[in-house]
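Structure record follows, encoded as structure tokens.
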Number of protein chains: 2
Amino acid sequence: MPVRQPSKPRVRRERSEVRPYHHGDLRRVLIDAALQLAAEGAEVSVREAARRAAVSPGAPFRHFPSRDALMAAVAEEAQRRFRAEIEVALGDAPATDPLGRFRAFGLAYLRWAMRNPAHFEIISTGRYFAHGSSTEVTRDNAEVIALTERMLADAAAQGLLRSTDLKRIQIAGRALVYGFARMNLDGHFPRWGVEEGEIERTAEGVIDLFIAGIARF
Amino acid sequence: MPVRQPSKPRVRRERSEVRPYHHGDLRRVLIDAALQLAAEGAEVSVREAARRAAVSPGAPFRHFPSRDALMAAVAEEAQRRFRAEIEVALGDAPATDPLGRFRAFGLAYLRWAMRNPAHFEIISTGRYFAHGSSTEVTRDNAEVIALTERMLADAAAQGLLRSTDLKRIQIAGRALVYGFARMNLDGHFPRWGVEEGEIERTAEGVIDLFIAGIARF
DNA sequence: ACCTGAACACCGTTCAAGT
DNA sequence: ACCTGAACACCGTTCAAGT
């Protein structure tokens, strides 16, 4: 078999002065523009994303059938990043300590939500895509749910829990962290006397309170 | 002094067939229209509210400086109703049983949120008025916070709580119910295997789990 | 004092026409 | 195949003009 040179991808003046007629990967560029708009706290509009991609207002509709479809793609991307961060955080937590893992999960969840509020909102608000319209988001989410399910099952197996109703514990735990993240998002903390600087510490305290409540000792 | 007849307020065909030039109380009518739009699950738009009030698109702006101001008025009304319902629910709960009151509060909170999702969202989303732009909403909210503060202080005084960090308990409790309400709002329950019919029961279970976690026994 | 109706600058979306 | 640019039906908001 003839050995081929490990072909450096032929660039051939891709970076010419002349604006090319075809955009490189408009789909990708539009998603990134939308992510950035959200991160800036601006409303995500198709037209503005198009403007940032330097294309006409109609162009995005060749890649996304609707604004909601664009938002779903943005949610997919954000969900991917979220899940990656969760998994990194859980890499440090030993499998032998399921409640420790549960705690690490909660902390990672809240930290990401605090530091990426707009992306968190797009993932969770459910206003942009009908439940399950994006199979990828659905799958990612299901795997995150399965993750905490396993932790609780392990904890129960080790006799660490007061209650045997794991589903109830799981939903309560999720309501707790989701509620905390949304209180932040929706600007509730000032009226609760929680200041900017102490939010992450407060998150930690709330998680610990919950775990102390479900733990046998 | 000549006695004048106790003049029945001169109506003089106010209810004539001809549409009167002045609306009776356009402000009120616009707020109601907006509440109804929200309850129908539709986007609340100033123009649509104007249409329902049978006035021109510009008319609302004589009563509200902006869409956000209209939404703030809607939030005020919704918050008033919410608080009224909470207080009715607490009327039945004896002052001698602070954790019972805490439970009753949580249930009333969640029931209202489940049954008035759109109004609940307008109250809580904080997208429509800067934190504290409406003194009335701020005050109503502060009183609801004070309500639960008292319950927990009473519970602590009776030695019913495991922890003495009441602020932490309060924020955790609020995060729990708010999170649960928002999971419902944001359509999370299908992917958690919680069906429509069992949501209120699940809410009860989650509240009980939390209270069992903070109670001394 | 309160409302109308036209106007303006935005949006999402469609579609013929261009390359 | 992909993009342009005009068009349409919506929005929030302003403002002269009417009563």
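All values below were derived from every heavy atom in this structure, side-chain atoms included, with hydrogens, water molecules and symmetry-related copies excluded. Residue numbering restarts at 1 for every chain, and letters A, B, ... go by the order of the sequence lines.
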- Query: Which nucleotide, C:dG5, D:dT13, C:dT13, lies nearest any side-chain atom of B:S56?
  - Reply: C:dG5
- Against the side chain of A:F61, the closest entry in C:dT4, C:dT13, D:dC3 is C:dT13
- Starting at CG of A:D140, measure out to CD1 of A:I86 and round the result to the nearest 0.5 Å. 11.5 Å
- Message: Tell me whether the rings of B:Y178 and B:F120 are parallel (<30°), tilted (30 to 60°) or perpendicular (>60°).
- Response: tilted
Could you give the [atom1]-to-[atom2] distance, from [X] to [N], as a whole number of Å?
| X | N | atom1 | atom2 | value |
| --- | --- | --- | --- | --- |
| B:R67 | C:dC10 | CZ | P | 18 Å |
| A:L37 | C:dC10 | CG | P | 15 Å |
| A:D25 | D:dA1 | CG | P | 18 Å |
| A:L26 | D:dT4 | CG | C1' | 13 Å |
| B:D68 | D:dC11 | CG | C1' | 14 Å |

- Query: Between A:E48 and A:A59, which has a closest nucleotide on DNA chain C that is more 5'?
  - Reply: A:E48
- If each of A:V46 and B:P57 is mapped to the nucleotide of DNA chain C with the nearest heavy atom, which maps nearer the 5' terminus, i.e. the 5' end? B:P57
- Of all of residues 38-45 of chain B, which get a heavy atom below 4.0 angstrom from DNA chain D, listed by number? B:S45
Does [X] have any ring-ring contact (aromatic ring centres under 6.0 Å, His included) partners at least two apart in sequence or in another chain, and if so, which?
| X | value |
| --- | --- |
| B:H63 | none |
| B:F189 | B:F180 |
| A:F210 | none |

- Does B:R47 make a side-chain donor-acceptor contact with the base of D:dG12, cut-off 3.5 Å? yes
- Message: Give the dot-bracket line for DNA chain D from 5' end to 3' end: parentheses for intra-strand Watson-Crick or G-U pairs under 3.5 Å, square brackets for crossings, | for inter-strand pairing, dots for unpaired.
- Response: ||.|||||...|||||.||
- State plainly whether the residues B:E87 and B:R83 are in salt-bridge range, i.e. N to O under 4.0 Å. yes
- Item | Set of residues satisfying side-chain contact (heavy atoms from CB on, under 4.5 Å) with respect to A:R28, sequence neighbours excluded | A:D25, A:I31, A:D32, A:E77
- Task: For A:R182 and A:E121, run salt bridge (charged side-chain N to carboxylate O under 4.0 Å, His left out): C-alpha distance rounded to whole Å, both residues' side-chain angles, the deciding distance at 0.1 Å, then the answer.
- Result: CA-CA 8 Å; A:R182 284 227 69 114; A:E121 177 157 33; 3.1 Å; yes
- Item | A:R51 side-chain N/O to C:dC11 phosphate OP1/OP2 under 4.0 Å | yes
- Task: Output yes when at least one side-chain N/O atom of A:R62 is less than 4.0 Å from OP1 or OP2 of D:dC2, else no.
- Result: no
- Begin with the C-alpha distance, continue with both residues' side-chain angles, and end with the deciding distance and a verdict on side chain to side chain contact (heavy atoms under 4.5 Å, CB included) for B:H188 and A:S124. CA-CA 8 Å; B:H188 292 198; A:S124 44; 4.1 Å; yes
